[in-house]
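Data first, discussion second: the structure below is written as structure tokens.
Values below: every heavy atom of this structure, side chains too, minus hydrogens, waters and symmetry copies. So that the names make sense, note that chain A is the first sequence line, chain B the second, and so on, each numbered from 1.
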There are 2 protein chains.
Amino acid sequence: MTLKDLARELGVSTATISNAFNRPDQLSPNLRERILAEAKRLGFRGPDAKARSLRTGRSRIIAVILAESLTYSLNDAVSSEFLSGVAEVLDTQGHTLLLLSARQAKCQLVDSASMADGFIVYGLMPSEELFDSLPLNASLVAVDFNVSGHPSVHVDNEPACFEIADHALTATPRKRPAIVNLRLTREPCNGRIDPKHTLLPAELTITRSRLAGFHRALEKHGFDTDRIPMWNVEENTFQVCEPVLEEILDLPDDERPDLLLCMSDRIALTALTLAEQRGLRIPEDLCLTGFDGIAEGQYRAPRLTTARQESGDKGRLAARMILGLEPGHSRLLGTELMLGETCP
Amino acid sequence: MTLKDLARELGVSTATISNAFNRPDQLSPNLRERILAEAKRLGFRGPDAKARSLRTGRSRIIAVILAESLTYSLNDAVSSEFLSGVAEVLDTQGHTLLLLSARQAKCQLVDSASMADGFIVYGLMPSEELFDSLPLNASLVAVDFNVSGHPSVHVDNEPACFEIADHALTATPRKRPAIVNLRLTREPCNGRIDPKHTLLPAELTITRSRLAGFHRALEKHGFDTDRIPMWNVEENTFQVCEPVLEEILDLPDDERPDLLLCMSDRIALTALTLAEQRGLRIPEDLCLTGFDGIAEGQYRAPRLTTARQESGDKGRLAARMILGLEPGHSRLLGTELMLGETCP
DNA sequence: TTGTAGGCGTTATCAC
DNA sequence: GTGATAACGCCTACAA
């Protein structure tokens, strides 16, 4: 049942049917009523989206390209909240959300790409060539990293991390601060970072900005940042974090850090769980800080000291930008220091 | 830059270009190489998805229609794990995931509908008319409810809930069991359910099956199910559950339930948090059971006693069914009783 | 207010 | 192995 069939059936032209659906003001209400009623009766579900999108050039589909796998992104509190914000705006604006991952087979990513009206690219972007495969004139908003020629949405990572670390170091003097990074090294590394590792450049990972903030605070408090031990995890999940944090917590008492600056709440919460299992007193034996402000860290005791970022807002803003509802320049969102009991 | 442009530019026919991209065996490797190279050089990104989908009738897009808002679904552990499973399969099969919500404006839902090759409908379906707007011959898989004429994926809610409640009542004799439901009443209700409320029919909510399981166990243990107090929450979030559970926990000691059979882990965890805040001893003063087996309930102490459902498997199965990788009949997935310390 | 016709960018069916 | 051509279903000047 196509628009044309319906037109023939009703003895009117295809244009009239089309107008009945898309431009009510272009025909008499009576006729329109009749057409809509007959359409329903004959089982015409409205203009076909595939044909319409070919003709008009727009699909009302916005694609979000996620750096991580969909599996990860949908389960992670931070990215799913982001998506949630995106979805909220798209929904009210009559658009729908297509989920893509930079990890997925390139061909289908590219294929689906020409379907979407715009792209929101979230997180670290592994390959330059991906951008080559996106439609040339596509509108694109980058989130948490930069793409030249396109606006981006960022969070004030460096100042936020400075503030956290500064707080941690001011509240109680610390002897052995350490940092647990997330995807900082060029080569995958789940464990201690040593001088042989090369680090990803700042354009490719927000971890660098966060690290810079931590370092600035450490320097302010008289530490030599080169001597601050650092670990790294490749994925923000309990499973991946657990062994690395066990390695840290199982160090001899006089080597074990007494302050762990973590790049994410997920890491910090994993550390917290493992530390509690080992009978370490929080915060006396070990202070912990996170980043993100996810619910799981706040609905528990002790609550996590962290920098809250409004991931949902980030998504809403990115969506509004892609739809042209916001000025087309890059934006920087703030964070809020949340003082919990893990580092009071 | 279209396929036709490229054909003209290279002096070959459009068919040849199309074949170069879609049917490598239909032309000489040399020619194909040349075409691909020139395409890249001239900035042709490959066949346009909109046009292709119109022509072939397939978009390689599978839509998931969620009963709840996208915002909720993306943040809820159970549904995001489900989506995650769906995404995993679609990804490996070269399909992409379009997220729709039954809550969103009907027009765009219908619009986008004709775009997708198939539909996975998840959870309670509020309106019949939604189905009328889906393409007639669309393949469709229902999850957690039934749609006549289409296969569905279910979890063995009734037996699982019987098992949980039976365990709870066997382990320690209880005097005052109570049930906290999720979306059981026809009219929205956040609070105690009284006889005036009408309940949703079993076709529309899995809560009915779960309730039936609880009731069967209660009867077995000599309770009159009509006298078991029931509460209801409309949404599976901390914010919505909190006041209802406060109402329950703040009852006088001799009225407060000593066993709370909850329809979800989210509800049970909220109860747990609030009970701990009130200094109630778990499980001595209050036993709690959940449903779902989400991580949050297992990575804490005390761990939640619950029925674990593999939401990811559910998603994977639904996706495989919609892609025709599984026999086209309905399936029932099992659950696993997980004994935690909230009801040992 | 309604109808006509061209084309959006592909792919599939044929010929050659 | 390669090329012409006809759909796919719709939208929208423009004409009536």
| task | Locate the shortest heavy-atom distance separating A:S79 from A:S73; write the atom from each residue and the value. | result | OG-O, 2.8 Å
Between [X] and [Y], is there a donor-acceptor pair closer than 3.5 Å when you use the side chain of the first and the backbone of the second?
| X | Y | answer |
| --- | --- | --- |
| B:R60 | B:T96 | no |
| A:D117 | A:I62 | no |
| A:S80 | A:N75 | no |

Can you check the [X] [atom1] to [N] [atom2] distance for me, whole Å?
| X | N | atom1 | atom2 | answer |
| --- | --- | --- | --- | --- |
| A:R58 | D:dC10 | CZ | C1' | 14 Å |
| A:D25 | D:dT12 | CG | P | 12 Å |
| A:Q26 | D:dC14 | CD | P | 14 Å |

| request: Output yes when B:R41 and B:E9 qualify as a salt bridge under the 4.0 Å nitrogen-oxygen rule, no when they do not. | output: no
| Pair B:R103 + A:D91, salt bridge at N-O below 4.0 Å | no
| remark: The correct set of residues in residues 29-37 of chain A placing a heavy atom under 4.0 Å from DNA chain C is A:L31
| field | Between A:S330 and A:S152: side-chain donor-acceptor atoms closer than 3.5 Å | value | yes
| Can you check whether A:S28 has a side-chain N or O nearer than 4.0 Å to OP1 or OP2 of C:dT1? | no
Report, one pair per line, the protein and nucleotides 9-13 of chain C atoms (nitrogen or oxygen only) whose separation is under 3.5 Å.
{"from": "C:dT10", "atom 1": "OP1", "to": "B:D48", "atom 2": "N", "distance (Å)": "3.1"}
{"from": "C:dT10", "atom 1": "OP2", "to": "B:L3", "atom 2": "N", "distance (Å)": "2.6"}
{"from": "C:dT10", "atom 1": "O5'", "to": "B:D48", "atom 2": "N", "distance (Å)": "3.4"}
{"from": "C:dT11", "atom 1": "OP1", "to": "B:N22", "atom 2": "ND2", "distance (Å)": "2.8"}
{"from": "C:dT11", "atom 1": "OP2", "to": "B:S18", "atom 2": "OG", "distance (Å)": "2.6"}
{"from": "C:dT11", "atom 1": "OP2", "to": "B:N22", "atom 2": "ND2", "distance (Å)": "3.3"}
{"from": "C:dT11", "atom 1": "O2", "to": "B:R55", "atom 2": "NH1", "distance (Å)": "2.5"}
{"from": "C:dA12", "atom 1": "O4'", "to": "B:R55", "atom 2": "NH2", "distance (Å)": "3.3"}

| field | From B:K314, B:H154, B:Q309, residue fulfilling side-chain hydrogen bond (donor to acceptor under 3.5 Å, both in side chains) relative to B:D144 | value | B:K314
